[in-house]
Amino acid sequence: MRVKSFFSKKTVALSLALASFAGLFSGCVGSDSDTKAPETIAITNVSYDPTRELYEQYNKLFAAYWKKEKGQDVTVTQSHGGSGKQARSVLEGNEADVVTLALEGDIDELRKAGLIEDGWVQELEKNSAPYTSTIVFLVRKGNPKGIKDWDDLVKPGVEVITPDPKSSGGARWNFLAAWAFFGKLTGATEETQKEQIKALYSNVTVLDSGARGSTTTFVENGQGDVLLAWENEAFLSLKEHPGDFEIITPSLSILAQPSVAVVDANAKKHGTEEVSKAYLAYLYSEEAQRLAGQNYYRPSNAAILKEFDTTFDLQIALVSIDGDFGGWEAATAKFFADGAIFDQIYKK
Amino acid sequence: MKGKITRWVLVGLGVLFIALMLLLPLAAVLVYALRQGWATFLSAVTDTYAIKALQLTLLAAGITLAINTVFGLFAAWAITKFRFRGKQALTTLIDIPFSISPIVAGLVFIVVFGRIGWAYPLLEAWNIKIVFAVPGIVLATIFVTFPFVSRELIPLMQASGSDEETAAALMGARGLRIFRRVTLPHIKWGLLYGVILCTARALGEFGAVSVVSGHLRGKTNTLPLHVEILYSEFRLTAAFSVASVLVVIAVLILILRNIVEHKLKREERL
Amino acid sequence: MYVELKDIDKRFGSFQASDGVSFGVAKGKLIGLLGPSGSGKTTILRMIAGLEAPDAGDILIGGKRVNDISAAKRGVGFVFQSYALFRYMSVFDNIAFGLTVQKKERAYIKERVDELIRLTGLSGLEARRPHQLSGGQRQRVAFARALAPNPHLLLLDEPFAAIDAKVRKELRSWLRETIGKVGITSIFVTHDQDEAVEVADEIIITNKGRVEQIGTPTDIYKNPATPFAAEFIGESLIIADYGRLHGFEKLPGFGSAVLRPEFVRVVKPEQEPYPHASQRGTVAEVLFRGNSLELSIDVSGIRLIAYHSLDGDVFQPGDAVSVLIHRLFLLGAREVKKTENASLQNNTAFFI
Amino acid sequence: MRVLGLRKAPSRRKGVIPGFGLCMGVTLSMLSLVVLIPLASVFLILKDFSLHEFWNVISDRQTVATYRVSLGCAFTAAAVNVLFGVLLAWVLTRYKFPGKRILDGLIELPFALPTAVAGIALTTLYSNKGWVGSLFERMGVKISYTTVGITIAMIFIGIPFVVRSIQPVLEKLDAQYEEAAAILGASRARTFFKVILPEILPAALTGFGLAFARSIGEYGSVVFIAGNIPYRTQITPLIIMNKLEQFNYPAATSIALVMIVFSFIVLFGIHVLSARVNKIAGGGAGG
């Protein structure tokens, strides 16, 4: 009898403990089911930091469009963070239906993992880049250090703020733009390029892990003389702090192409393939393109881009990742992999 | 005379240190929160996403508290009332989460439950989501605050010995009665103290939760994560406004803690 | 025998706490388990109570083997060294606890607790908490609490250890009387021989996990069975070279001897009635011990201790004295030989 | 009887207090579910990693530099905390002054304040534009984004551990001790260093260890204020993050493993130390 009662008590307590765990785990099962309800549909858009304002407006635009087309209410859950971090979370099981990230390479990691089908780059127009941007300099009002172009950044006493290319998508664009510029100088060899880049990065005083972090460091915490920034970020900073900063466009920069893609595996699982595809395709509509322009992204539609010629410096010479660096795969291997050029410039 | 001077110098140094290291950051949060007036503050605090984040934070802290309290009681009972081999190792194991970097803690759950983890196919088959969903956040919070209750209870129960429990058991009392009538009255304030500390940590956990959250707005954002997001969205004032909510909660918890500690000390004198 | 232990072995890791312990306790007796700390006496008590399980051997209570019966069902009352009073319960609730657990009727509980409170002289303290009581009162509460469920056997672990020396004496006789009144078979553990001698009907001497000797206090005092018992009981002076003492010969196999102060008689040399059996010594020190004098005397290079009546001759350090030693306990490897002064015996034989 | 308390009896029953099976069952299963199994899974990630690769990752120069920054700052912070921890504990236990209870209550603030909030507040405060940072900037000292900033953040989170380790010991330390020393003619300083310091040293070391272990792993409050410049202001948790961003799970896990092992060693050291302290404190009582 004793033995029996002992066991029964044990069982009760154990099952209690297990039940509490089970309750935890089951928490999410329920929430999945409401995505399948016919009148409303929900998708998740995992994006990177600076697109918050853009997608907040675009989601409304798209919801109205979808309601008119299909009569369905669509809600979009947004997630923002560093581009690489966001891609990783999707890779690790964050079930995004669409990803709208800073780098083609980040999305390609998802393809390698089997979440996105091959050939996604050709899925949508313009290499699946509905809007583009470039890298510019943000300096303090009056440009006290007289920064005009990339070669001013290597001068002693100039403090540069840029994120870490190992962890930030934006930072890779910065690095490559600088590299391209130093490559175009007369008498440039790979050795001189490395030296110049090294000089530039030795002027970097804070190497945040993400583009947003760098911007905050420069704008809010007053570090450094110049911030290497996405053009749209730079404009945003001007808007937030009118009169404190100036944008300097260098003579040469890089065409930064944030990419978008449907995460096929997740969309299939959620039954949201149609709406996800439409969500991305609609980014190319005139309304959406205009919205991108208003949020300081360069619309990929040339006609709409023209509408914003007072905002953007359309004369800037732009190199491109595919044309000048042989695509992301090659660029990553050459510059950003462990032990590659970026690591070398920090070796003493 | 000399003694008095030393005394005031020492008190002064202590107060200065606390003021510089602790009070100033606290004040900074509040000042920054209100620098654009109450309206901005209120709109940041009453934002839908902020409220949802607060709800999630409270939910996660609540579940964490329940589980860690249960665990703490059982673990403390096992460790202090019995003799067995490997007790030292067990105590150390329980304490591990305490000194593990929150980043590593989060990573560990990704490695188990994430798409790359070994448990993923299993969960997939059952259509259960752990990481990048609420359960993952709760789990990470539990992990980080795991030893809090037991850490408070073990020394307390060790100090009081197990004679009283033995005496009660010898008279035929069963486990639950012994616990309720003999042990609980003795440890109740210590238990509450542990629970309060656990709550404080659970409400404020950032690193581990940030790794497993996925930052889904309105779904898996806790309040500290919301602060970080606002911060990186240039909405500094909003970030500090939401942060100030957390500060107020923290201060309330501290006051509670102080009251409890006062009681605890009084009981100890018995 | 009411309680019986048969060949009990118990180890804690490498520490042998009980090594073939066997003894029996008759019903109604008050037994003292006496030994130095680490001798395994508390372990024996805890095994009888069921707080520890023996590795080998049987424990019988009332003729029934209790090895596999849980502590709570052995019908044993236990008084802890620390008393282990429930510090968050009143005196009344403490005493009533065992009865409440047994789900006795409320009226019965009240009656029984009141009875015990009267017995232990705790009237008026029912509502107090343990921390509001004196040491002696706490012991009484622990005692009453152990007795409340009417156990057949009462076990007490160092019952006087936590009490002031002054109150201790008084409590000893109180405990002895009360246990006598209740008539319960009791075993208590102590390291204090005075306590054991005063309180117990019988003493069990333990050492290094073994039982050295069992017997009444006088029996053990007069006839120690083992070298350990001879040394441990009474005030003992170990003398290695005992062959130099007059009237004693060194025996092979007995390396040393125990001399108790009461075996030594000291007189002025000129008053010595047995000159053959005694020898000369010098007083080295005189200590006043309240009811007697303690003399340190050098005899043939050996320093002896002797008690001397306050009414007798007055000695100063340096005085020459005549010392007569009646008796020695010679210590062998395992046995003790009681030897009388040979010269004194010869003398007596001669005259008779 | 102390000997008896140390080892388990090899008997079938575990004494009279009930619940051993139940408690151990619940404790071990929850511990396994929440802590052990997840932690052990770290090794699964490393299964395709050779020992050579593992060693290369954890001994990479940049990684080693992060250990140096993390350990160095954590050590400095813990040392500063011990200094001020002893002072605060002393002030709180020996003196009466207005606002003492508030001061006492504030000690746990770093514990109750979410780390992210602390991080953001500290960064803002100590940056060139912040209240404190701007003062120091005029002297040409930078705090935020330097190792000084990291150390300050670590001091912040470490305070309660040290104070709360020392305070109870000082409270229990009889004032008679000090009086005895004073009567013997010892000066106050001498009394402190010769009589009191040895008494609180083990507790101070425990506090040091706890603060140290916590600081090494701390993320939320340090990440904002760390400059993340390789070889200079990059801390170990950040390089783990960095490896993760590059989808290099084995590398991240390897470095994480180094941290886990390190924490375990520190913790175990603390436990051994405190066990010894308890033994000294309980000396004689055991009988």
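All chains are named by letter (A, B, ...) in the order of the sequence lines, taking the proteins before the strands, and each is independently numbered beginning at 1.
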Do E108(D) and I253(B) make a side-chain contact, defined as non-hydrogen atoms from C-beta onward lying under 4.5 Å apart? no
Tell me, yes or no, whether the heavy-atom count around L135(D) atom CG, taken from other residues, nucleotides or ligands under 6.0 Å, exceeds 12. yes
Top contributor to chain B interface from G99(D), A40(D), G105(D) [non-hydrogen pairs under 4.5 Å]: G105(D)
Between I120(D), I152(D), I260(D), which has the largest tally of heavy atom pairs under 4.5 Å with chain B? I120(D)
Below 4.5 Å from any heavy atom of chain D, which atoms of P102(B) appear? Answer side chain, backbone, both or neither. both
Let me confirm one number: the CE-OG distance from M241(D) to S210(B), rounded to the nearest 0.5 Å. 5.0 Å
Greatest number of heavy atom pairs closer than 4.5 Å to chain B - which of L122(D), L257(D), L106(D): L106(D)
With a 4.5 Å cut-off on heavy-atom pairs, point out which of V35(D), L28(D), T115(D), L103(D) contacts chain B the most. V35(D)
Can you find a heavy atom in the side chain of L93(B) that is under 4.5 Å from one in the side chain of L36(D)? yes
From M30(D) CE over to I142(B) CD1, what is the distance, rounded to the nearest 0.5 angstrom? 7.0 Å
Taking all non-hydrogen atoms of both residues, which atom of R7(B) and which atom of K96(D) are closest, and how far apart? NH2-O, 2.9 Å
What closest approach, in Å, do P25(B) and L125(D) show between heavy atoms, and which atom pair accounts for it? N-CD2, 3.5 Å
Say you draw a straight line from OG1 of T92(B) to CZ of F268(D); how long is it, rounded to the nearest 0.5 Å? 5.0 Å
Of the backbone (N, CA, C, O) and the side chain (C-beta and beyond), which part of I94(B) lies under 4.5 Å from a heavy atom of chain D, both, or neither? both
Using 30° and 60° as the class boundaries, would you call the ring planes of F84(D) and F17(B) parallel, tilted or perpendicular? parallel
Parallel under 30°, tilted from 30 to 60°, perpendicular over 60°: which one fits the rings of F20(D) and F82(B)? perpendicular
Cut-off 4.5 Å, heavy atoms of chain B, and the answer for F212(D) is neither
Given a strict heavy-atom distance threshold of 4.5 Å, which part of Y231(B) is in contact with chain D: side chain, backbone, both, or neither? side chain
Quick check on the interface: out of V227(B), T91(B), L22(B), L107(B), who has the most heavy-atom pairs with chain D under 4.5 Å? L22(B)
Check whether R201(B) reaches the backbone of P114(D) with its side chain - one donor and one acceptor, N or O, closer than 3.5 Å. no
From I79(B) atom CD1 to T27(D) atom OG1, the distance as rounded to the nearest 0.5 Å: 7.0 Å
Name the region of F240(B), side chain, backbone, both or neither, that has any atom closer than 4.5 Å to a heavy atom of chain D. side chain
Compare all side-chain heavy atoms of L246(B) with those of L113(D) and state whether any distance is below 4.5 angstrom. no
Between I67(B) and V34(D), is there a side-chain heavy-atom distance shorter than 4.5 Å? no
Closest heavy-atom pair, P38(D) versus V112(B), reported as atoms and distance to 0.1 Å, is CA-CG2, 3.5 Å
Between T199(B), I96(B), V15(B), I255(B), which shows the greatest number of heavy-atom pairs under 4.5 Å with chain D? I96(B)
So which part of L24(B) gets closer than 4.5 Å to some heavy atom of chain D, the side chain, the backbone, both or neither? both
Counting only heavy atoms closer than 4.5 Å, note whether S150(B) contacts chain D via side chain, backbone, both or neither. neither
Of the non-hydrogen atoms in C23(D) and W77(B), which two are nearest, and what is the gap between them? SG-CD1, 3.1 Å
So, the part of L10(B) with a heavy atom under 4.5 Å from chain D: the answer is both
Interface check, chain D: of L170(B), L223(B), V31(B), L225(B), most non-hydrogen pairs under 4.5 Å belong to V31(B)
Is any side-chain heavy atom of M259(D) closer than 4.5 Å to one of I100(B)? no
Can you find a heavy atom in the side chain of M24(D) that is under 4.5 Å from one in the side chain of L90(B)? yes
Please state whether the side chain, the backbone, both or neither of I178(B) comes within less than 4.5 Å of a heavy atom of chain D. side chain
Pick from I270(D), I159(D), L92(D), I102(D): which one has the most heavy-atom pairs with chain B under 4.5 Å? I159(D)
Contacting moiety of V132(D), where chain B heavy atoms sit under 4.5 Å: side chain
Side chain, backbone, both or neither: which part of L87(D) has an atom under 4.5 Å from a heavy atom of chain B? side chain
Between F143(B) and chain D, with a heavy-atom cut-off of 4.5 Å, which part of the residue counts as in contact: side chain, backbone, both or neither? both
For I17(D) and T166(B), work out which heavy atoms get closest and say how close. CD1-OG1, 3.7 Å
Could you pull out the closest heavy-atom pair between S41(D) and W118(B), with the gap in Å? OG-NE1, 2.7 Å
For the CG atom of L236(B) and the OG1 atom of T124(D), what is their distance to the nearest 0.5 Å? 6.0 Å
What is the distance from atom CZ of F224(D) to atom CZ of F206(B), rounded to the nearest 0.5 Å? 4.5 Å
Does CZ belonging to F136(D) count more than 12 external heavy atoms closer than 6.0 Å? no
So, the part of L210(D) with a heavy atom under 4.5 Å from chain B: the answer is side chain
Using non-hydrogen atoms and a 4.5 Å limit, figure out which bit of L88(D) sits close to chain B: side chain, backbone, both or neither. side chain
Is it the side chain or the backbone of V242(B) that comes within 4.5 Å of chain D heavy atoms, both, or neither? neither
Quick one: which of G117(B), G207(B), A75(B), G72(B) has the most heavy-atom pairs under 4.5 Å with chain D, could you say? A75(B)
Heavy-atom pair count under 4.5 Å with chain B, highest-scoring of I240(D), I155(D), T236(D): I155(D)
Heavy-atom check, side chain of I110(B) versus side chain of L244(D), under 4.5 Å: no
